[in-house]
Amino acid sequence: MAAPSLLRKNRLLDALPEPEWLRMLPHLEKVDLPLGTVLYEPGSTLSHVYFPTSAIVSLLYVMQNGASAEIAVVGFEGLLGISLFMGGDSTPSRAVVQSAGQGLRMKAQAIKDEFKRSGPVMQLLLRYTQALITQMSQTAVCNRHHSLDQQLCRWLLLSLDRLRSNELVMTQDLIANMLGVRREGVTESALKLQRAGLIRYARGHISVLDRPGLEQRSCECYAVVKDEYERLLPRTSQL
């Protein structure tokens, strides 16, 4: 059983009224989430939902030829495994840890039972699902209509919003894989941001030096996603 203090490190769990998270507490298990860990593969039956507390997890769509692109990123604001309580049990995407950390996990049947109560847990999970769908939709639009520079800014900002830090540990190869572009394109865009004084990149470490400048350089997609998460997900224990 996880310590009660850990629940407060995930925004969804922290938003639940006390009776709900006390009921869920015995079913939550603390887990380490090392970099590169695959939480689930396309088409596989999900055994758990995961609530990250300090890790970031990418949802990737993988093509038949092995190419992939990120469709959403999840951190302490959300959970992995929405198909379990939406009735699907599996998903066509892959979930892989892009920034190491910790999280909590809950068995499939336990989260289904909570959802079927049709109370605050169900309401919150449905609102989170709507926010996640917004991120997926906006990512698709962004990748089609905006420059790689803008996509990189959006991706950096969304990732930082899911960490309690201004620094990401991320190689350019991994970023290129997430965005579905060539590594050379990421290198060029990162250098532009560094020359503009917005970030510092060295040996896989990206530090954001000027967040307002990064937001200004990003496209509208970041603000759309951020505003929807803020609108739908409470920051307190009140639904």
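Worth saying up front: this structure is predicted, and the values here are computed from it rather than measured.
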Exceeds 12 heavy-atom contacts within 6.0 angstrom, atom CZ of F115: yes

Rounding to 0.5 Å, atoms CD (Q123) and CD (E20) come to a distance of 9.5 Å

Would you indicate whether R200, at its atom CZ, is surrounded by more than 12 heavy atoms from other residues, nucleotides or ligands within a distance under 6.0 Å? no

Taking NZ in K112 as the centre, count heavy atoms belonging to other residues, nucleotides or ligands within less than 6.0 Å. Is the count above 12? yes

Please confirm whether the backbone N or O of Y40 pairs with a side-chain atom of S44, one donor and one acceptor, at under 3.5 Å? no

Thinking salt bridges, do R23 and D113 make one under a 4.0 Å N-O criterion? no

Under 3.5 Å, is there a donor on one side chain and an acceptor on the other for D149 and S189? yes

Would a distance-only check, ignoring hydrogens and angles, find a side-chain to backbone donor-acceptor pair under 3.5 Å from E77 to G75? yes

Is a side-chain N or O of S137 found less than 3.5 angstrom from the main chain of I133, in a donor-acceptor match? yes

Has the side chain of Q138 got a donor or acceptor atom that lies under 3.5 Å from a matching backbone atom of V224? no

Is the Lys NZ or Arg CZ of R162 less than 6.0 Å from the centre of Y229's six-membered ring, within 45° of the axis? yes

Under 3.5 Å: donor-acceptor pair, side chain of N10, backbone of G78: yes

Answer yes when E230 and R11 have at least one side-chain N-carboxylate O distance shorter than 4.0 Å, and no when they do not. yes

Q150 (side chain) donor-acceptor with R217 (main chain) under 3.5 angstrom: no

Test item: T37 side-chain N/O and L33 main-chain N/O as donor-acceptor pair under 3.5 Å: no

Donor-acceptor under 3.5 Å (S54 side chain, Q102 main chain): yes

First locate atom NZ of K192, then atom SG of C153, and finally report the distance between them rounded to the nearest 0.5 Å. 10.5 Å

Measure from the side-chain N and O atoms of E114 to the backbone N and O of M122, and report whether any donor-acceptor pair falls under 3.5 Å. no

Got a second to check how far R105's CZ is from E29's CD, nearest 0.5 Å? 4.0 Å

